[in-house]
Amino acid sequence: MSVVIGGMRLRGPVLAASGTFGYGTEVPLLERRALGAMVSKGIFLRAREGTAPPRIAETPSGMLNAIGLQGPGADALISDYAPRWAEWDFPVLVNINGESASEYGELTARLDGIPGVAGFEINISCPNVEQGGLYFGNDPRAAAAVTEAVRKRTKLPVWVKLTPMVSDIGVIARAVESAGADALCAINTFVGMSIDLNAYRPRLSFRTGGLSGPAIRPLAIHLAHQAARAVDIPVIGIGGIMRAEDALEFLVAGCAAVQVGTATFVNPNAIAEVHDGIAAFLDSRGFSSLSSLPRYLPRD
Amino acid sequence: MSVVIGGMRLRGPVLAASGTFGYGTEVPLLERRALGAMVSKGIFLRAREGTAPPRIAETPSGMLNAIGLQGPGADALISDYAPRWAEWDFPVLVNINGESASEYGELTARLDGIPGVAGFEINISCPNVEQGGLYFGNDPRAAAAVTEAVRKRTKLPVWVKLTPMVSDIGVIARAVESAGADALCAINTFVGMSIDLNAYRPRLSFRTGGLSGPAIRPLAIHLAHQAARAVDIPVIGIGGIMRAEDALEFLVAGCAAVQVGTATFVNPNAIAEVHDGIAAFLDSRGFSSLSSLPRYLPRD
Amino acid sequence: MNLFLLDAPITSKRQVARGMFVIGLHAPEIANSVRAGQFVNLALSPGPLLRRPFSVYRASADHIEIVLKAVGAGTAQLLALEPGDRASCLGPLGRGFELAAGPQTAVLVSGGLGVAPMPLAARDARAAGMRVTWVHGARTAAELCAETDGETVIWATDDGSQGTAGTAVAAAPDAEVVLGCGPNRMLAALAERWPAAQVALETYMGCGTGVCLGCAVPLKGGGFDRACKEGPVYRAADVDWSALPTHLSYAVTA
Amino acid sequence: MNLFLLDAPITSKRQVARGMFVIGLHAPEIANSVRAGQFVNLALSPGPLLRRPFSVYRASADHIEIVLKAVGAGTAQLLALEPGDRASCLGPLGRGFELAAGPQTAVLVSGGLGVAPMPLAARDARAAGMRVTWVHGARTAAELCAETDGETVIWATDDGSQGTAGTAVAAAPDAEVVLGCGPNRMLAALAERWPAAQVALETYMGCGTGVCLGCAVPLKGGGFDRACKEGPVYRAADVDWSALPTHLSYAVTA
Ligand SMILES: Cc1cc2nc3c(=O)[nH]c(=O)nc-3n(C[C@H](O)[C@H](O)[C@H](O)COP(=O)(O)OP(=O)(O)OC[C@H]3O[C@@H](n4cnc5c(N)ncnc54)[C@H](O)[C@@H]3O)c2cc1C
Ligand SMILES: Cc1cc2nc3c(=O)[nH]c(=O)nc-3n(C[C@H](O)[C@H](O)[C@H](O)COP(=O)(O)OP(=O)(O)OC[C@H]3O[C@@H](n4cnc5c(N)ncnc54)[C@H](O)[C@@H]3O)c2cc1C
Ligand SMILES: Cc1cc2nc3c(=O)[nH]c(=O)nc-3n(C[C@H](O)[C@H](O)[C@H](O)COP(=O)(O)O)c2cc1C
Ligand SMILES: Cc1cc2nc3c(=O)[nH]c(=O)nc-3n(C[C@H](O)[C@H](O)[C@H](O)COP(=O)(O)O)c2cc1C
Ligand code: FES
Ligand code: FES
């Protein structure tokens with residue numbers, strides 16, 4: 001079940017999504033054998049405290065989060081985590097964030113060449129920061145500028161994580177493809193709000209949060225499919241995958257791989273179960289490999 | 001619990017959403033006493049067959065639909081339904097659709113003055129038609145042009161139903177407010193896709209469908225709130241309301257009323273239960289009327 | 001026509017074929033008014049968002065029965081219920097078989113779970129004065145519903161393990177009145193042989209009450225009907241079988 | 001530290017105060033390794049998406065117990081389970097109380113459902129050689145957890161209907177080691193009186209395993225800790241109580 005994503009061979013198509021797997025060191029129970037790759041929690045160049053609690057709220061088949069990209073910054077990442085990643089048998093990509101295109105570039109330069117850092121996932125889609133984040137993901141020119149700034153500083157794989165908060169994801173997808181992205185990740189969370197009827201104000205201190213989980217899956221499949229139709233680089237599908245069948249929907253819809261996020265909170269073995277379930281499905285349908293799975297990807 | 005929406009007094013804040021209540025004649029079980037108003041299934045000037053089956057697919061806490069605005073057209077509406085509406089003790093608004101601004105205008109002119117037609121809800125947000133629909137809802141100029149075309153043809157209340165498939169709903173909201181809308185309805189369904197793993201293609205014959213139900217509620221609350229912050233006319237909240245508490249979240253977030261859709265499929269008494277639940281809530285918190293409910297509506 | 005929304009207690013559960021069970025529900029208002037071919041719409045909470053439609057299998061003074069297999073999450077959850085548990089039950093829904101009184105011959109043709117409306121259909125056809133023959137088919141003997149309600153049944157199995165080898169449609173004798181229920185593919189075959197047959201067909205449903213237009217049935221004459229309102233029983237010749245999905249994809253199965 | 005994911009059968013259920021129940025689960029691996037103040041994360045399917053955290057109330061060779069009230073959909077569903085039903089149980093999670101061995105005096109202060117970690121805490125404190133006093137408070141006598149595990153308990157009720165009138169914090173004697181659990185508001189009061197107390201606090205949780213950063217606890221020294229990993233037990237003086245939500249809004253209550 002190995003797949004090649006923008007020049008990088010992964011041992012399987014099921015990856016850990018950013019922000020839902022920490023730095024890969026937290027959950028002892030997890031079966032790592034099935035992990036194709038891990039994307040680290042998003043970081044900025046400098047350490048960030050994140051937002052005040054409450055940071056999460058549950059919703060029907062989903063959850064809102066506004067963590068605010070709490071993280072240790074580049075230096076601590078390099079000293080505390082990268083050395084451990086360097087010893088693992090799967091690649092770790094760093095989810096990078098910035099308040100300007102040049103800050104993204106600076107962070108890339110700082111991390112490029114550090115053993116353990118196998119590539120970059122550019123986050124231009126975080127709904128939970130006051131500066132940057134979503135803004136870059138909404139505007140094709142800004143998205144391309146950030147991608148270029150990162151691309152110039154590294155030869156490692158560069159993935160760009162798209163926001164769903166757009167009228168036409170194809171426009172952004174093509175813009176970042178032209179700017180040198182090796183792959184696209186679709187999608188990040190949708191902006192949502194939930195009201196506390198005791199306090200008569202939003203449940204989250206940040207007021208809004210990003211919606212993840214099974215609730216968004218049909219929307220995510222559509223957006224990943226639209227992105228895949230728009231570009232020639234691989235698209236990694238993300239959003240509400242709980243079981244192998246969910247991942248298979250993204251794969252049939254044109255994705256080359258998938259990331260699993262919120263499911264890990266409910267089931268720390270989710271990645272292994274999704275991976276094994278895909279293998280069992282292929283087997284039961286008589287497909288010898290993932291590449292023989294039929295795809296539904298009409299080109300306009 | 002009566003509310004005034006753009007000059008029209010409604011006996012309660014809970015309305016029936018378009019397309020989920022037919023023409024109001026179908027479900028005998030329903031308790032009509034609680035209905036503030038009904039919005040009819042969307043129609044075009046001429047009869048439409050709608051899309052081929054499968055038209056719906058269930059998703060986690062939601063459903064996709066691609067009905068394709070099947071409907072009898074203006075003439076049959078006028079002869080078969082309007083006379084019955086004229087005898088009811090709550091207003092019926094017609095959800096109007098067109099392939100061009102002038103077609104919206106023509107339909108309005110045809111229905112204006114017909115006894116039983118109490119107002120118009122302009123649908124510029126249907127994701128399930130090849131022509132028109134979403135296109136008008138994405139572009140502030142097109143949205144305003146449609147609104148103006150309708151506004152010119154009637155003195156009845158004109159509501160505009162917004163699409164969630166935009167980066168900034170406030171822009172569209174302000175555009176249609178300026179063009180003469182009396183109220184906004186937020187929101188229509190989100191575009192989604194679900195894959196049939198037996199056929200390796202989308203479950204819906206139309207390929208994509210509109211996502212409704214509790215899954216979208218946090219997204220809908222956020223969008224209704226954003227719209228309410230952007231304009232001075234009332235906003236009617238729509239999306240995933242199943243119980244009174246869900247409706248109250250929209251009301252606290254700044255909405256003047258709500259529409260209930262998918263919930264009716266599961267519980268034909270949903271509207272009465274939501275209505276009664278709001279009344280009980282106000283009572284338990286010691287609020288003498290809906291207008292004393294605290295609102296969370298900071299102005300930028 | 002009246003419609004009832006009941007919080008109905010499960011009163012019984014028994015197996016009638018491999019994987020196929022009959023569940024009894026205390027639902028007096030529905031039991032008293034249901035006609036053969038009509039259905040109820042069941043919901044569990046917590047459970048899937050939408051209700052699930054099931055034909056009424058039998059009805060006594062206070063109880064209705066439904067027959068089902070676990071094909072996905074909703075049916076699996078229903079089958080996990082035990083007597084004493086409750087399900088929300090909306091019904092009776094749809095238009096049933098039309099059985100004009102008279103001394104006619106009637107043949108009831110059912111495939112697999114299409115057995116569901118047949119006990120009531122047999123009862124009502126007999127009450128209307130008809131001579132009833134019931135033909136029931138399945139893939140293999142173990143999947144044939146064992147209950148015949150005292151009717152003589154002609155069996156058919158794809159693998160010949162019981163009764164005629166082949167389909168129920170092929171095994172059925174001619175008759176003046178033909179009633180059918182089973183997979184849409186089988187009903188299409190039945191329509192070829194008996195254009196005037198009444199068939200109860202299956203579509204995905206959103207509401208079951210006629211308001212969502214989700215259950216579209218393509219008509220030979222053009223346009224769509226609602227399976228939950230004008231159907232689920234149709235005159236076989238009226239349906240555009242080529243445009244009706246032949247296979248409803250419930251859970252993922254190979 | 002090992003973590004276990006078990007499909008645990010419910011083995012018992014009993015009422016211990018008005019609306020408050022103790023549920024027993026067969027979970028040998030967790031029962032053998034859990035420490036006072038640690039919690040388990042329970043899930044039901046179908047049920048809410050996220051797991052729900054519960055302190056371990058007692059642990060025997062093969063079983064753990066939790067104590068709970070129905071405050072919303074998840075807890076109501078858990079309370080509807082009967083012996084024989086199963087729940088998915090992840091644990092033990094978090095860092096428990098630290099009880100250095102020695103002949104010290106210990107006071108356990110609990111309010112309402114904050115009783116949850118106290119039976120294990122009393123057991124472990126005694127095992128560490130401490131003299132234990134347990135002070136338990138609630139709004140009114142009927143809401144006091146009736147089980148004392150053989151410990152002498154000083155009771156406190158807001159309305160004076162049993163024991164001292166007032167809060168458990170006010171009713172507690174001084175001691176060298178202070179352990180507290182209860183509403184965050186009560187813990188803030190406890191922190192004023194005993195800055196060195198160890199308190200088990202409550203936050204919303206996404207994962208319970210340290211990966212989501214959803215359970216942020218604001219620290220006096222700045223920044224945030226994870227209640228599920230560095231907590232839920234904190235040195236009272238380390239927490240910025242003014243920035244910790246005092247009231248977690250579960251279901252809608254007046
Ligand atoms: C009029 C009528 C009568 C029926 N009578 C019987 C009967 O007597 N016995 C019996 O066993 N079965 C009967 N069925 C079929 C039965 O309704 C389905 O097997 C059942 O709904 C499957 O639900 P599930 O959750 O187990 O399947 P899943 O595989 O979980 O369903 C998968 C998805 O398919 C969709 N879906 C499934 N069923 C429906 C539906 N009916 N409408 C809309 N969407 C749907 C939903 O998206 C659902 O999430 C009848 C169907 C109809 C229309
Ligand atoms: C460490 C710890 C130990 C606890 N121990 C106990 C105990 O021993 N006994 C006991 O009765 N209670 C205990 N609680 C509280 C218990 O977890 C909550 O009462 C329970 O989660 C409420 O769930 P509900 O579905 O009934 O409430 P709901 O009202 O349905 O919850 C409403 C919403 O609140 C949110 N929510 C609720 N709980 C949490 C949560 N914990 N994390 C994130 N979001 C949440 C979700 O959005 C949920 O949908 C503990 C909590 C923590 C953090
Ligand atoms: C608690 C939480 C934190 C997240 N943090 C990040 C992040 O730091 N960077 C990022 O790109 N995405 C982040 N995400 C988004 C996820 O990576 C993923 O895109 C999203 O949750 C949808 O997938 P899911 O439904 O499988 O969770 C976060 C999601 C959650 C729930
Ligand atoms: C089956 C179905 C048909 C619908 N048809 C229409 C329509 O004709 N016109 C329209 O403006 N909205 C239509 N809608 C959208 C609803 O009015 C509503 O905006 C949406 O479903 C979200 O609300 P809900 O989650 O309460 O259903 C339809 C929704 C459904 C589920
Ligand atoms: S199922 Fe909704 S109209 Fe038939
Ligand atoms: S609950 Fe996820 S980090 Fe603590």
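Quick note on labels: first sequence line is chain A, next is B, and so on, each numbered from 1.
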Please list, one pair per line, the donor and acceptor atoms closer than 3.5 Å that link side chains of residues 66-73 of chain A to other protein atoms, with sequence neighbours excluded.
| residue | atom | partner | partner atom | Å |
| --- | --- | --- | --- | --- |
| A:Gln70 | OE1 | A:Arg55 | NH1 | 2.6 |
| A:Gln70 | OE1 | A:Arg55 | NH2 | 2.8 |

#### Entry: Closest non-hydrogen atom pair between A:Ala52 and D:Phe224, with its separation
CA-CZ, 3.7 Å
#### Entry: Partners passing salt bridge (charged side-chain N to carboxylate O under 4.0 Å, His left out) against D:Lys13 (at least two apart in sequence or in another chain)
D:Glu82
#### Entry: Heavy-atom proximity to chain D below 4.5 Å, by part of A:Pro214
side chain
### Query
Which value, rounded to the nearest 0.5 Å, describes the distance between D:Cys212 atom SG and A:Ile56 atom CD1?
5.0 Å
### Query
In terms of heavy-atom contacts, does CZ of A:Arg33 have more than 12 from other residues, nucleotides or ligands at under 6.0 Å?
yes
#### Entry: Validation row: D:Leu5, A:Pro268 side chains within 4.5 angstrom (heavy atoms)
yes
### Query
Between A:Thr59 and D:Leu49, is a side-chain contact (heavy atoms from CB on, under 4.5 Å) present by the stated rule, with each step listed?
CA-CA 8 Å; A:Thr59 69; D:Leu49 176 65; over 6 Å; no
### Query
Which one, D:Pro218, D:Ala43, D:Gly206, D:Ser88, leads in non-hydrogen pairs under 4.5 Å with chain A?
D:Gly206
### Message
One thing to verify: whether A:Glu58 and D:Arg51 come together as a salt bridge, which I'm taking to mean a side-chain N less than 4.0 angstrom from a carboxylate O.
### Response
no
### Query
Please, which pairs that meet ring pair (Phe, Tyr, Trp, His ring centres under 6.0 Å) have at least one residue in residues 23-72 of chain D, sequence neighbours excluded?
D:His26-D:His63
### Task
Determine, stepwise, if the pair D:Leu90 / A:Asn267 fulfils side-chain contact (heavy atoms from CB on, under 4.5 Å).
CA-CA 9 Å; D:Leu90 179 70; A:Asn267 174 11; over 6 Å; no
### Residue-level contacts of residues 235-243 of chain D with chain A, using a heavy-atom cutoff under 4.5 Å
D:Ala243
#### Entry: Note, A:Arg203 side chain near D:Tyr204 side chain (heavy atom, < 4.5 Å)
yes
### Query
Taking the side chain as C-beta and beyond, is there a heavy-atom pair between D:Cys207 and A:Thr264 under 4.5 Å?
no
### Task
Could you check which of D:Leu244, D:Leu213, D:Asn41 has the highest count of heavy-atom pairs closer than 4.5 Å to chain A?
D:Leu213
### Summary
On a heavy-atom basis, the closest approach of A:Glu49 and D:Gly223 is OE2-N, 3.2 Å
